[in-house]
Amino acid sequence: MELYKENQLKVYNSLTKSKEPFKPVIEGRVGMYVCGPTVYSNAHLGNVRTFMFFDVVYRYLLHLGYKVRYVRNITDAGHLENDADEGEDRIAKKARLEEIEPMEVVQRYTVDFHNVLNNYNFLPPSIEPTATGHIVEQIEMIKEIIDKGFAYEVNGSVYFDVLKYNETGNYGILSGRKIEDAIHNTRTLDGQSDKRNPQDFALWKKADERHIMRWPSPWSDGFPGWHLECSVMSTKYLGDQFDIHGGGMDLKFPHHECEIAQSQTCSGVKPVNYWMHTNMLLLNSQKMAKSTGNFILPNEILTGENSILGKAFSASVVRFFNMQANYRSILDFSGEALEAAEKGHAKLMEAVTFLDKIEAGATSTFDVQKWKQDCYDAMNDDFNTPILISHLFEAVKVINQIKEEKASLTENDLEVFKNTINAFVFDVLGLMNETSEGNNSDKLSGVVEMLITMRKEARENKDWALSDEIRDRLLALGIQLKDGREGTTFIVN
């Protein structure tokens, strides 16, 4: 039987602002859409936090036995500098400044985005559509919205009529903003704007003579509005109504609010059952911003080539650090916090590495079934990774007690124990055992094991000076020996 039938998952829904039992539109299947990057610059660390969380959501849904269609888009056109439909296209601006083609910009930063996610052990989505690959569908959705009376064309541009929509719909249902307050607090439009009302947003923008990225349409040579692409691609691949839509909390308004209005206008049903949003990532307690120099790129963390951190950190440590905080809470990224996470990660991986050496005992001194259920209960409670990690460290304590012959597990309990730890550490959280993989190649492992043997012989011959020298020189290289009842093991710091 699939695990999802035994586990009642609850999800915090940004729409209702409460945790709700998760019930997919189609039993056993999940449709999930996550807003991807606008590829005009290097992948942003704050966005990586969002994508990392939804990678864990994807992994856990797969672990529960759901068939998941995970769609994460690439915005390669239509995202203007100002979300109020003003300014230059971000990609076109980058292309103009660097005197290259816009698609060169797109290619460069799409490759960078994929490299970052590969380095951090992300699973690829089921589908990764692009805005430029769906221009035809976007034009067709605009036609439908116009035909239904909720959009209007002025001078070659098309705008969504928010006030008209709000007569029967609820523009602000997700963000909590009231249209009356928005009207009261908005400046009167000057004569240069084509909008009827300041709250209206662009579905199609006529391109001026300087605009590089443009496509023919019934209204003008132009380009689609930023919000439209997600409505088109989510409904195309997941249907008029699907299960989960995710993104950073900064996308609630206007992006996701506009999506709801567009999609519901066309289909007549609410497009998404569960809206999920991640919170902000700070750097040294301050907002990350390139303008202030308070930023770091994801791959700079791995290389150590940055002015923020004192050393390099592994991708798995960064994942572990992220999972120690609830996705709906603000997370402060700093060198001190990463160093603390690195120590915890090393303890976890040292214990996991020792798992294969454990032999079954006659009795069990630990309630494995209760502990296993606690792990599932944590993830079933809105993907509560901090609580899951606390339960994993309960397992670390048990493993260390077994090392010291103060605890034991029967054969059946040991198998459940091993399978559960491996499932949550590697399959769900997506961590990597760099103790035995990454930094420790087979050759390195062989050399260290040889030195461990030499040290053992030195100790047997009471050559304490040589024994200590081997230990200390390995430690200076970042290789720490651990003596225990089962022999000597090592970790790479």
Side-chain angles (χ1 to χ4, degrees), residues 3 59-60 63 121 314 316-317 319-320 323-324 341-379 385 387-442 444-453 455-456 459-460 471 474-475 479-493:
L3 285 171
R59 287 169 175 273
Y60 188 58
H63 174 74
N121 199 32
S314 73
S316 192
V317 166
R319 282 189 75 104
F320 182 73
M323 295 308 125
Q324 287 180 301
E342 187 176 51
K343 291 177 182 177
H345 180 270
K347 289 179 182 178
L348 177 61
M349 291 306 166
E350 181 185 356
V352 170
T353 301
F354 189 76
L355 267 177
D356 291 334
K357 298 180 180 179
I358 296 177
E359 295 183 358
T363 60
S364 289
T365 58
F366 179 66
D367 191 339
V368 172
Q369 291 298 334
K370 180 183 181 304
W371 168 82
K372 175 184 175 182
Q373 190 57 54
D374 287 342
C375 291
Y376 279 99
D377 287 346
M379 287 302 288
T385 54
I387 299 300
L388 170 63
I389 288 173
S390 72
H391 294 313
L392 292 175
F393 274 94
E394 286 181 51
V396 169
K397 183 177 179 181
V398 172
I399 292 169
N400 290 334
Q401 288 174 342
I402 292 174
K403 271 187 186 181
E404 299 168 0
E405 299 181 358
K406 295 179 180 178
S408 63
L409 295 174
T410 63
E411 185 175 352
N412 287 339
D413 279 350
L414 181 58
E415 183 179 2
V416 172
F417 190 62
K418 287 181 179 180
N419 290 342
T420 304
I421 290 174
N422 285 320
F424 281 107
V425 170
F426 302 119
D427 298 342
V428 175
L429 294 181
L431 302 180
M432 296 164 279
N433 191 348
E434 291 145 343
T435 301
S436 59
E437 295 172 8
N439 295 333
N440 289 357
S441 65
D442 291 339
L444 175 60
S445 297
V447 170
V448 176
E449 292 293 345
M450 180 182 69
L451 291 170
I452 288 173
T453 301
R455 178 170 174 267
K456 181 182 177 184
R459 289 161 68 91
E460 290 172 350
R471 179 199 63 203
L474 285 173
L475 186 60
I479 301 170
Q480 183 179 2
L481 299 184
K482 296 278 190 176
D483 295 318
R485 292 178 181 272
E486 303 295 326
T488 301
T489 58
F490 72 96
I491 60 173
V492 178
N493 294 318

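Excluded from the calculations below are hydrogen atoms, water molecules and symmetry mates; all remaining heavy atoms, backbone and side chain alike, are included. By convention here, the first residue in the shown sequence is residue 1.
Under 3.5 Å, the side chains of E342 and H345 contain no donor-acceptor pair of N or O atoms. Neither side chain, S316 nor N121, offers a donor N or O lying under 3.5 Å from an acceptor on the other.
Between T385 and M323, the closest heavy-atom pair is OG1-O, 2.7 Å. Residue R59 comes nearest to F426 through the heavy atom pair NH1-O, 3.4 Å, listed as atom of the first residue, atom of the second, then distance. I387 approaches A378 most closely through the heavy-atom pair CG2-CB, 3.7 Å. Between F320 and G344 the shortest heavy-atom distance is CE2-C, 3.9 Å. Of all the heavy atoms in R455 and R471, the pair that sits closest is NE-CB, 3.7 Å. The two residues C375 and F424 have their closest heavy-atom pair at CB-CE1, 3.7 Å.
Counting non-hydrogen atoms of neighbouring residues, nucleotides and ligands closer than 6.0 angstrom, the NZ atom of K347 reaches no more than 12 such neighbours. No more than 12 heavy atoms of other residues, nucleotides or ligands sit less than 6.0 Å from atom CD of E415. Other residues, nucleotides and ligands place more than 12 heavy atoms under 6.0 Å from the CD atom of E460. Atom CD of E449 has more than 12 heavy atoms from other residues, nucleotides or ligands within 6.0 Å.
The CG atom of L414 sits 7.0 Å away from the CD1 atom of I402 when rounded to the nearest 0.5 Å. In this structure, CG in D427 is found 12.5 Å from OH in Y60, a value given to the nearest 0.5 Å. With rounding to the nearest 0.5 Å, the separation of CZ in F417 from CG in L355 is 6.5 Å. Atom-to-atom distance recorded for L392:CG and D374:CG is 11.0 Å, nearest 0.5 angstrom. Rounded to the nearest 0.5 Å, atoms NZ (K372) and OH (Y376) are 5.5 Å apart. To the nearest 0.5 angstrom, L348 atom CG is 8.0 Å from I389 atom CD1.
In this structure, K456 and T488 have side chains that are not in contact, with every pair of non-hydrogen atoms separated by 4.5 Å or more. Between L429 and R319, every side-chain heavy-atom pair lies at or beyond the 4.5 Å cut-off. Two residues are said to be in side-chain contact when any heavy atoms from C-beta on lie closer than 4.5 Å; Q401 and F366 fail this criterion.
Panel note: side chain S408, backbone T363; a donor-acceptor pair is recorded below 3.5 Å.
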Practice item. Take I421 and W371 through the test side-chain contact (heavy atoms from CB on, under 4.5 Å) and record every step on the way to the result. Key: CA-CA 10 Å; I421 290 174; W371 168 82; 3.5 Å; yes

Check your understanding: Do I358 and L409 pass the side-chain contact (heavy atoms from CB on, under 4.5 Å) test, and can you show the C-alpha distance, the side-chain angles, and the key distance before you say yes or no?
Key -> CA-CA 9 Å; I358 296 177; L409 295 174; 5.9 Å; no

Practice item. Apply side-chain contact (heavy atoms from CB on, under 4.5 Å) to V352 and L431, showing your working. Key: CA-CA 11 Å; V352 170; L431 302 180; over 6 Å; no

